[in-house]
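Notes for the one structure printed next.
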Protein chains: 2
Amino acid sequence: MTDDPWVPPVVLLAVDLVILTLRESRLHVLLVERGIDPYKGSLALPGGFLQHDGEDITAAAHRELSEEADLDVEALSLEQFGVYGEPGRDPRGRVVSVAYLAIAPRLPEPSAGTDAADAGWQSADSVLLGDLELAFDHRRIIADGVERARVKLEHSALATAFCGPTFTITDLQDVYEAVWGISLDPRNFYRKVQKTEGFIVPAGTARKAATGRPARLFRSGPCTVLRPPMTRPAEAASVKE
Amino acid sequence: MTDDPWVPPVVLLAVDLVILTLRESRLHVLLVERGIDPYKGSLALPGGFLQHDGEDITAAAHRELSEEADLDVEALSLEQFGVYGEPGRDPRGRVVSVAYLAIAPRLPEPSAGTDAADAGWQSADSVLLGDLELAFDHRRIIADGVERARVKLEHSALATAFCGPTFTITDLQDVYEAVWGISLDPRNFYRKVQKTEGFIVPAGTARKAATGRPARLFRSGPCTVLRPPMTRPAEAASVKE
DNA sequence: TTAATAGTGTCTCTGAGACAATATAGT
DNA sequence: ACTATATTGTCTCAGAGACACTATTAA
């Protein structure tokens with residue numbers, strides 16, 4: 001064993017995006033089908049390696065976000081929530097992946113029945129509980145990301161990021177119910193949300209559905225931290241419906 | 001411009017440890033003096049590069065923890081809380097650092113006045129507010145780590161990790177006051193802590209200080225998640241004392 | 001007895017949970 | 001009028017905050 005000067009090992013750095021949205025009042029996550037060989041054909045999170053040596057990690061996450069989904073990147077919430085670098089997780093070598101959580105509002109349908117761009121949205125329940133084949137350790141990353149979203153809904157105004165620019169209180173309640181996987185009392189929810197200063201601000205009256213009283217519209221307010229927080233019921237590990 | 005096959009850039013991966021403890025009822029962080037040239041002589045967080053190519057990141061954090069402080073690694077709480085990989089943060093090249101938060105109980109003094117090993121413990125206030133010269137972006141990492149500790153104290157039983165195997169309720173209160181930087185009512189604290197099921201369990205009676213009624217001793221209980229959480233007062237950004 | 005710290009009791013107010021009642025639209 | 005949804009009230013109970021009081025030790 002010679003006395004070579006020690007040099008630190010290098011790793012490949014990647015970003016993975018857990019992009020969540022609501023579809024039919026259920027939490028969905030954006031997945032893509034891998035086109036190249038490690039796990040080719042399997043579903044995986046959007047993401048990839050740093051593009052060039054000087055690219056910032058957050059910038060890479062934003063870039064992937066605008067590549068994979070073509071969303072208004074600036075308006076989206078995007079937050080780092082974990083690092084995954086277990087030695088064996090990628091057969092190509094030592095890959096360390098920084099995981100980001102993004103929340104997207106319900107997008108307008110790509111076209112008519114064109115679920116080609118739509119194919120990527122998968123129900124979070126089926127991904128987490130089902131036997132869907134996922135690449136790498138992406139099932140765990142999704143689980144961690146969803147859990148992070150659940151916690152953030154308690155303490156921040158993140159829920160409004162699931163909605164469009166304006167929304168009704170019922171829309172907002174749907175977000176909480178879908179992400180937490182439980183049912184909430186509409187009356188208590190209404191009271192709570194209204195009382196929380198700066199969470200949502202009025203934005204006119206809606207002309208919405210076919211039947212029933214029209215709901216008031218709101219847009220997200222200035223406050224990002226909810227005080228007091230939204231309280232998640234104790235049995236919030238049960239599955240909805 | 002030729003059509004070379006694109007290869008992803010590589011980075012050097014490091015871990016940095018924010019090790020917190022209590023000394024004289026004030027929050028302290030462990031810093032070391034850098035011996036080699038980037039920022040040589042400045043204070044920095046304990047940490048370093050991965051040692052070999054197959055080393056797990058968490059394992060590297062544990063290794064650094066037992067190297068820098070020689071603490072009982074198994075007993076310590078150690079949790080990843082962020083990634084710092086801005087391109088310009090290290091003059092040596094592209095270094096991405098995974099930050100860990102560790103909590104250590106008050107250690108027995110290294111010897112008599114031997115503050116050689118003691119020199120590393122710096123007051124968190126002076127580090128965050130002061131003009132102490134810190135290497136890299138370590139001041140921000142410390143700020144993020146301290147903030148993480150503050151939040152975790154609300155929702156988990158982390159506070160007991162600052163104490164020894166047994167402690168009094170006043171000891172525990174000191175932890176909350178030091179980390180949050182506020183004063184708490186001893187009577188309400190007592191009631192709250194006692195009522196929280198599984199947080200702390202009795203462990204005999206103390207024979208403690210020179211004067212006053214001896215306090216009961218406790219050890220940390222089985223519950224790690226506090227329900228309901230400890231509520232941090234609103235003005236918890238003010239400085240204590 | 002006094003000093004010093006440990007621990008208990010009480011009152012009030014806010015906020016969560018359960019649930020009834022009213023308002024406003026379309027048909 | 002009837003149906004469906006939105007919005008407002010009311011009651012009760014748990015828990016936080018403020019504060020007075022009792023208990024147990026050493027000197």
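Sequence lines set the chain letters: A, B, ... in the order given, protein chains first and strands last, and positions in each chain run from 1.
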Exercise. Taking protein heavy atoms under 4.0 Å as touching, what does nucleotides 8-18 of chain D look like 5' to 3' if B marks base contact, S marks sugar-phosphate-only contact and - marks none?
Worked result: BB------BBB
For this session: Rounded to the nearest angstrom, tell me the gap between atom CG in A:L217 and atom P in D:dA6.
Result: 11 Å
Exercise. Atom CD1 of B:I169 and atom C1' of C:dG7: how far apart are they, to the nearest Å?
Worked result: 9 Å
For this session: Check the distance between D:dT7's C1' and A:Q173's CD and give it to me in whole angstrom.
Result: 13 Å
For this session: To the nearest Å, give me how far apart CZ (A:R213) and P (C:dA25) are.
Result: 7 Å
Problem set entry | Nucleotide-level pairing of DNA chain D, given in dot-bracket where Watson-Crick and G-U pairs need both distances under 3.5 Å and | marks other strands | |||||||||||||||||||||||||||
Exercise. Any Lys/Arg nitrogen of B:R148 or B:D144 sitting under 4.0 Å from an Asp/Glu carboxylate oxygen of the other?
Worked result: no
Seminar exercise, completed: Only residue of A:L45, A:I19, A:I57, A:I141 satisfying side-chain contact (heavy atoms from CB on, under 4.5 Å) with A:Y100 is A:I57
Exercise. Can you pull the ring pair (Phe, Tyr, Trp, His ring centres under 6.0 Å) pairs that have at least one residue in residues 153-172 of chain B, sequence neighbours excluded?
Worked result: A:H155-B:H155
Exercise. Rounding to a whole Å, what distance do you find between B:F189:CZ and D:dC19:C1'?
Worked result: 18 Å
For this session: Would you indicate, yes or no, if D:dA27 has its OP1 or OP2 atom less than 4.0 angstrom from a side-chain nitrogen or oxygen of B:T211?
Result: no
For this session: Let me know the distance between CG of B:L172 and P of C:dG7, rounded to the nearest Å.
Result: 12 Å
Problem set entry | Ionic contact status for B:R140 with B:E147, cut-off 4.0 Å | no
For this session: Indicate yes or no: does A:R227 engage A:E197 in a salt bridge with an N to O separation below 4.0 Å.
Result: no
For this session: Compare all side-chain heavy atoms of A:I142 with those of A:L31 and state whether any distance is below 4.5 angstrom.
Result: yes
Problem set entry | Check: A:D185/A:Y190 side-chain N/O donor and acceptor closer than 3.5 Å | no
Seminar exercise, completed: Rounded to whole Å, CG of A:D171 lies from C1' of D:dA6 at a distance of 12 Å
For this session: If the plane angle is over 60° it's perpendicular, under 30° parallel, otherwise tilted; pick one for A:Y176 and A:W180.
Result: perpendicular
For this session: Inspect the contact between A:R150 and A:E154 and indicate whether a charged nitrogen and a carboxylate oxygen are less than 4.0 angstrom apart.
Result: no
